[in-house]
Amino acid sequence: MTMFEPTSATPLRSQIAESAAGRDALRDYEIVHRAIAFISEHWRGQPTIEEMAEAVSVTPGELHHLFRRWAGLSPKAFMQAVTLDNAKRLLRGSASLLDVAYDSGLSGPSRLHDLFVTHEAMSPGEWKKGGAGLTLRYGFHPSPFGVAVVIVTERGLAGLAFADTGGEIEALRDMQTRWPLATYVEDSAGTATVTRRIFDSTQWRSEHPLRVVLIGTDFEIRVWETLLKIPMGKATTYSDVALTINAPKASRAVGGAVGRNPISFVVPCHRVLGKGGAITGYHWGLTRKRAMLGWETAQTETME
């Protein structure tokens, strides 16, 4: 059994609204989420900013400034960033990309600074115990993609999930099913530092990498380690990941492992697309996956 009992939503609100910047990011994303859902459904018709704004009940000016503040892109540019053409562009060279490990020591305008992640994997024995003897500390924090559920161990970041406002407890319970015998302790103060390391790009430094702990089967860890080689601003396919781990017929199993990735965004499962650039299969919702890809497009363009 876990040592976690859900409390009322009121303490969660105070945890999540921990700073003006955090509140702004969360409020922005809640509107952007609706706008992206509209864009995702209607992008073939290239809706105008007036049509987008009407769909989310804000003025065109408000929507324009909101997108600029959130992603650094105009709504029109963001629409272009989530279209099929952009997905295909992200996929170019994906097979060769995974042939060589991404060298996080390289930097420059043509190589986006990623999170500079270093990782370790728990042994199969530790995974099979279902987290027994493991203490996991968690907190709820605002992020550019909704409420982030951040879970850490003494060894590093072990879990990162996302929720819309009001769905925080459900998202935490979903994560708990992965390690049902672990002890869970609320520690928002402790996880806040890790959260800033994840989402504040000014803290993405190669000399101070973010440590993550991968807890899964041997096969899952091989897949997740492959995902860590995909730089921001690039993408790959399930079949290319299967080829990379020398399991060319295991695309379906790779898809399952990608879907069970417990460290969303940091271990970038959102950068895995279907054949031809189809944006499919994301545990935390396709709208959020599109948001991440578009946000990363803006980050890439800013640093080029």
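Just so you know, these numbers come straight off a predicted model, no measurement behind them. This chain uses plain numbering: 1 for the first residue, then up along the sequence. We use all heavy atoms of the structure for the numbers below, so side chains are in, but hydrogens, waters and symmetry mates are not.
- Side-chain contact between R271 and K234 is absent, with no heavy atoms from C-beta onward closer than 4.5 Å.
- Remark: side-chain polar atoms of E41 are not paired, donor with acceptor, to backbone N or O of F38 under 3.5 angstrom.
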Kindly determine whether V241 and V258 satisfy side chain to side chain contact (heavy atoms under 4.5 Å, CB included), including the steps that lead there.
-> CA-CA 10 Å; V241 173; V258 170; 5.6 Å; no

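- A distance of 5.5 Å separates CG in L214 from NE2 in H119, rounded to the nearest 0.5 Å.
- Checked by atom type and distance alone, the side chain of E170 never pairs as donor or acceptor with a backbone atom of G167 at under 3.5 Å.
- Contact of the R260 side chain with the H283 side chain is not registered, since no non-hydrogen atoms from C-beta on lie closer than 4.5 Å.
- Remark: side-chain polar atoms of E51 are paired, donor with acceptor, to backbone N or O of T48 under 3.5 angstrom.
- Here the side chains of E168 and L172 are not in contact, with every heavy-atom distance at 4.5 Å or above.
- What you find for H141 and S188 is that their closest heavy atoms are CE1-O, 3.2 Å.
- One distance of note links OH of Y282 with CG of L293; it measures 9.0 Å at 0.5 Å rounding.
- Heavy-atom minimum distance, G156 versus V213: N-CG2, 3.7 Å.
- Of all non-hydrogen atoms in N261 and I263, the two that sit nearest each other are OD1-N, 3.1 Å.
- When side chains are defined from C-beta on, L66 does not count as touching V58, because their heavy atoms never get closer than 4.5 Å.
- Side-chain contact between T226 and T236 is absent, with no heavy atoms from C-beta onward closer than 4.5 Å.
- With rounding to the nearest 0.5 Å, the separation of CE in M79 from CZ in F67 is 10.0 Å.
- The NE2 atom of H270 lies 10.0 Å from the CG atom of L227; values are rounded to the nearest 0.5 Å.
- Atoms CZ and CG, from R197 and L157 in turn, are 10.0 Å apart once rounded to the nearest 0.5 Å.
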Check step by step if side chain to side chain contact (heavy atoms under 4.5 Å, CB included) holds for S264 and M292.
-> CA-CA 11 Å; S264 181; M292 289 179 178; 4.1 Å; yes

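- Contact between G274 and Y238 at its shortest, heavy atoms only, is N-CE1, 4.2 Å.
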Show your working on side chain to side chain contact (heavy atoms under 4.5 Å, CB included) between V212 and L160 and close with a plain yes or no.
-> CA-CA 10 Å; V212 302; L160 176 59; over 6 Å; no

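- W284 contributes no side-chain N or O that, together with a main-chain N or O of A161, makes up a donor-acceptor pair within less than 3.5 Å.
- Side-chain atoms of D28 never come within 3.5 Å of backbone atoms of R69 as a donor-acceptor pair (strictly under, hydrogens ignored).
- Under the 4.5 Å side-chain criterion, counting only non-hydrogen atoms from C-beta, F140 is in contact with V149.
- The backbone N or O of I245 sits less than 3.5 Å from a side-chain atom of R222, completing a donor-acceptor pair.
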Going through the checks in order, is the side chain to side chain contact (heavy atoms under 4.5 Å, CB included) test met by L136 and T183?
-> CA-CA 6 Å; L136 297 175; T183 298; over 6 Å; no

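- Of the inter-residue distances, the one linking L134 atom CG with L181 atom CG reads 10.5 Å to the nearest 0.5 angstrom.
- A 6.0 Å sphere centred on CD of E54 holds no more than 12 heavy atoms belonging to other residues, nucleotides or ligands.
- Minimum interatomic distance between M52 and P47 (heavy atoms only, all atoms of both residues): CE-O, 3.4 Å.
- Sorted by first then second residue, the salt bridge (Lys or Arg N to Asp or Glu O under 4.0 Å) pairs that include residues 275-294, not counting sequence neighbours, are D164-R288.
- Contact record, S239 with S251: CA-OG, 3.4 Å, taken as the closest heavy-atom pair.
- Separation of the W295 and Y29 ring centroids does not fall under the 6.0 Å cut-off.
- Under the 3.5 Å distance criterion, the side-chain polar atoms of E296 are left unmatched by any main-chain donor or acceptor of G294.
- With hydrogens and angles ignored, the 3.5 Å screen pairs no side-chain donor or acceptor of R178 with any backbone N or O of I215.
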